[in-house]
Amino acid sequence: MFPKDFLWGGATAANQFEGAWDVDGKGVSTSDCCTRGSLTSVRHVTYQTEDGQVESKIMFGLDAPKGAKFGAFDGYDYPSHEGIDFYHHYKEDIALFAEMGFKTFRMSINWTRIFPNGDDEQPNEKGLQFYEDVFKELKKYGIEPLVTLSHYETPIALTNKWNAWADRRTIDCFVRYAKTCFERYNGLVKYWLTFNEINCISFGGFMAAGVASRDPLMIANATRNQLLASALAVQEAHIVNPDMMVGNMIGYGASYPYTCNPEDVLKQRKSQYNVDFYSDVQARGYYPNYKLKEYERANLDFELTKEDQEILANGTVDFITFSYYMSNCVSADPEVLANQKGNMLMGVKNPYLTESEWGWQIDPVGLRISLNDFYTKYRKPLMVVENGLGARDIVTEDGQIHDDYRIDYLRAHIEQMDKAINEDGVDLIGYTPWGCIDLVSASTGEMAKRYGFIYVDIQDDGTGDGKRMKKDSFYWYKKVIASNGADLD
Ligand code: BG6
């Protein structure tokens, strides 16, 4: 059984579903400059060079030429511009979430709707009003918003000015934005998350932090600046309303040594540090020894002032959240490494697991392990704020979508959450499967990789009328919520 007030719901992100990228005063964000990709072709980011040429480069691990000015240009296909047009369909979509019985809905605020350039003096009233309307619509159905302040979009003006998060000035811009939201939505929003998958900065500097460089010092600074901004946002929220709960968000996956060879075990532990570091800082309030040593070994001129340390110590999160899709293995053996394939949390294939078409290995037990890892380390309430199966859905002639593969995936993960709560004593307070309504994939930029309970008729070739349709999983999840997780059949 799940706890009485368990927060069942679903998760989304503004840049992946709102569309309306340039209406009502919205500015351009990093994600608005990312092109559509696919399973076989990677996403690019577009920019203009100093001599006026329009070019693009691969989004992950972007290292742009000096002086590049990022933007959206004619002739490119940018999926965030249309999304699924939640901006104009939010009432219809929220009614469907309510029909499923959602207790919570995870969404993000697009910073550029509120501060179009990131450093504007005054917020954009139309942007503020849009989210107020959405939150009120959710409240109408008794759905508690769970709001991410930064989900893979940074105002592009900040990237073009000073490489966004690589510069300390971005901290003040973000804190002003966060404070504006806390004040405006006080009484409407209780649960906040600061940065989505903050650990993705390590390999996705542009996507996670608007940094158009792989320079290790810039990445280390951007990481510190986001951690500081997150801690300051926690403090601001508590000043506005001590009942506000502010959490972090980590992109997680259980990680195993490929064999019991101590070399594999040691390498797995060390790679785990790269993920644990962020939650260690956000939950405990200080930089761990292993990270400072790593910077020292790399000879980075990294600065963490006394004042920085105080900010981190005074801004620890109220709860911990993470995304969980898969697990991975770590090997120290060069021959095994030649076999690497996966996604953002790359790893060596685990022979005991199956995988999705996109190569993500399915591991429900890994979720129980992860829940235990987080809870024993930090003893703070947890939420699983992303989980799900990206798959191609087929609409039958009579307009049905039989996504039993998705139901199987979610059922197996919910069973493991149940065990973590009831057998292991983990304090899990909510579950919001990813992309509860079909939306644009973050890694590939395509619509074909669908996660939703609700099908949206928008295709990658630009066809489709945007119609919303209930999949089999819609009816199944409704039953799960109505029975508070007891009926998973
Ligand atoms: C997480 C992100 O990495 O995984 C989401 O927070 C993303 O934004 C989700 O969409 C699923 O990944 P993808 O690449 O299949 O969309």
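All values below come from the heavy atoms of this structure, side chains included, with hydrogens, waters and symmetry mates left out. Counting convention: from 1, in listed order, for ligands and their atoms alike.
- Residue E197 has at least one nitrogen or oxygen atom sitting less than 3.5 Å from a nitrogen or oxygen atom of ligand 1, judged on distance alone.
- Within 6.0 Å of the OH atom in Y352, the count of heavy atoms belonging to other residues, nucleotides or ligands does not exceed 12.
- Using bins of under 30°, 30° to 60° and over 60° for the plane-to-plane angle, the ring pair H413/Y409 lands in the parallel bin.
- Ligand 1 places these atoms under 4.0 Å from at least one heavy atom of K449: 13 (P), 14 (O), 15 (O).
- Below 4.0 Å from some heavy atom of E386 lie the following atoms of ligand 1, by number and element: 1 (C), 2 (C), 4 (O), 5 (C), 6 (O), 9 (C).
- Here's the thing with S441: one of its N/O atoms is less than 3.5 angstrom from an N/O atom of ligand 1.
- Taking the side chain as every heavy atom from C-beta outward, L227 and F277 approach each other to under 4.5 Å.
- The only member of Y475, F474, Y477 that meets ring pair (Phe, Tyr, Trp, His ring centres under 6.0 Å) when paired with F453 is Y477.
- In this structure, the side chain of T104 engages the main chain of E144 through a donor-acceptor pair within 3.5 Å.
- The aromatic rings of Y76 and Y78 lie tilted to each other, with the angle between the two planes from 30° to 60°.
- Polar contact with ligand 1: present for A442 (N/O pair, distance under 3.5 Å).
- For ligand 1, the atoms closer than 4.0 angstrom to any heavy atom of Y325 are 4 (O), 9 (C), 11 (C).
- Under 4.0 angstrom from ligand 1, the non-hydrogen atoms of S443 come from both its backbone and its side chain.
- With a 4.0 Å heavy-atom cut-off, ligand 1 is reached by the side chain of N196 but not by its N, CA, C or O.
- In the displayed structure, K377 atom NZ is contacted under 6.0 Å by more than 12 heavy atoms of other residues, nucleotides or ligands.
- Counting heavy atoms only, Y451 comes closest to atom 11 (C) of ligand 1 of the residues Y451, W358, Y252.
- When only interatomic distances are considered, the shortest N/O to N/O separation between W360 and ligand 1 does not fall below 3.5 Å.
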